[in-house]
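Worth saying up front: this structure is predicted, and the values here are computed from it rather than measured. All values below were derived from every heavy atom in this structure, side-chain atoms included, with hydrogens, water molecules and symmetry-related copies excluded.
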Amino acid sequence: MKLIGTYLSPYARRVAAALISRGMPFDHEAVNGYRQFEIASRYDPVAKVPSLVLDDGEVLIDSTAILDYLNELTPSAPLIPGGSRARRTTLKLAAIGYGVYEQATSLAFRGREVPETEAKRWKAQILGGLRALDEAARDGGPLRATPLDAAAITAIVAVEYLARTNPDLEALPAIPALAALAAEYRDAPPFALTRAAA
């Protein structure tokens, strides 16, 4: 398999972290969808990352769809647990983390160009998402399940992505359980090996 996308992208990074967490070997082509549009568009018609090129040449796009595929390959250690309630909880928490990525990106790259009311809404969305993830990261919460599932991987990447893109937001004091979870796994291979250079 080959993963297309720079680890500056939280979407590509969460896929890489999932692959590493399950011991699945892959090649990595660090394509920036914004700066390398032509290369990215070879894999995805809308030139977004990540894309995952399977060994038979099939190309999967969108991190959520890719994680769903990887889940099929790891039945003994699922990224998305079976069972209705557990599955719904994981997908919901992963979607919240994905939403944090989206708003953190908007705030980082467009925050100075939009009316303050819009930037404030993005900040509120980020903090609302982080608080929901923080609740789930408390002892016994769903983000504390082992091995890490798609929701926990997404949440940990969200904490690091936010710190990188919006350091002035200073969200960590408001999310102690989530911050502790991210710190606990900071040097674990799925995150240490996918951390973009400063």
Side-chain angles (χ1 to χ4, degrees), residues 1-33 43 49-55 59-82 86-87 89-91 93-98 100-101 104-105 130 133-134 136-165 167 171-172 175-198:
M1 289 186 286
K2 181 166 70 169
L3 177 63
I4 311 301
T6 174
Y7 293 157
L8 290 169
S9 161
Y11 309 101
R13 188 177 180 211
R14 78 175 183 154
V15 170
L19 286 161
I20 293 168
S21 77
R22 297 312 190 262
M24 301 172 75
F26 66 99
D27 294 323
H28 178 226
E29 187 176 343
V31 173
N32 184 311
Y43 302 99
V49 297
S51 295
L52 185 69
V53 183
L54 305 185
D55 293 340
V59 179
L60 306 179
I61 62 171
D62 183 80
S63 64
T64 299
I66 294 169
L67 290 177
D68 186 61
Y69 168 74
L70 297 179
N71 187 57
E72 294 176 6
L73 302 181
T74 57
S76 62
L79 287 159
I80 304 166
R87 179 175 175 80
T89 298
T90 297
L91 291 173
L93 292 170
I96 290 169
Y98 192 102
V100 170
Y101 298 169
T105 300
L130 290 175
L133 295 173
D134 184 67
R138 294 182 183 174
D139 286 343
L143 291 185
R144 286 289 179 172
T146 55
L148 293 177
D149 64 12
I153 290 168
T154 300
I156 291 167
V157 169
V159 170
E160 289 196 13
Y161 182 67
L162 188 63
R164 182 184 189 102
T165 57
L172 292 184
I175 51 165
L178 183 57
L181 178 69
E184 180 181 334
Y185 283 96
R186 176 176 171 73
D187 296 324
F191 307 103
L193 296 175
T194 61
R195 190 168 291 116

Between [X] and [Y], which heavy-atom pair has the shortest distance, and what is it?
X	Y	result
Ala171	Leu130	CB-CD1, 3.7 Å
Gly97	Ala158	O-CB, 4.3 Å
Ala137	Leu143	CA-CB, 4.0 Å
Ala151	Leu93	CB-CB, 3.7 Å
Asp149	Arg22	CA-NH2, 4.1 Å
Ala179	Leu172	CB-CD2, 3.9 Å

(message) Suppose the criterion is side chain to side chain donor-acceptor pair (under 3.5 Å): which pairs have a residue in residues 178-191, not counting sequence neighbours?
(response)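 Checked against side chain to side chain donor-acceptor pair (under 3.5 Å) - neighbours excluded - the pairs reaching residues 178-191 are Arg144-Glu184.
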Quick one: does [X]'s side chain have a donor or acceptor within less than 3.5 Å of a partner on [Y]'s backbone?
X	Y	value
Asp134	Ala177	yes
Tyr101	Thr154	yes
His28	Thr6	no

Nearest-0.5 Å distance, [atom1] of residue [X] to [atom2] of residue [Y]:
X	Y	atom1	atom2	result
Asn71	Ile80	CG	CD1	4.5 Å
Thr64	Tyr11	OG1	OH	9.5 Å
Asn32	Tyr7	CG	OH	14.0 Å
Lys2	Leu54	NZ	CG	12.0 Å
Leu8	Thr194	CG	OG1	11.0 Å
Phe191	Ile156	CZ	CD1	4.0 Å

Side chains of [X] and [Y] in contact at under 4.5 Å (non-hydrogen atoms):
X	Y	answer
Leu79	Ile153	yes
Ile175	Leu133	no
Leu148	Pro190	no
Thr165	Thr105	no
Thr89	Pro142	yes
Phe26	Ile20	yes
Tyr161	Arg13	no

(message) Quick check on side chain to side chain contact (heavy atoms under 4.5 Å, CB included): which of Val53, Asp27, Val59 does Ile4 satisfy it with?
(response)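 Testing Ile4 for a side chain to side chain contact (heavy atoms under 4.5 Å, CB included) against Val53, Asp27, Val59 leaves exactly one candidate, Val53.
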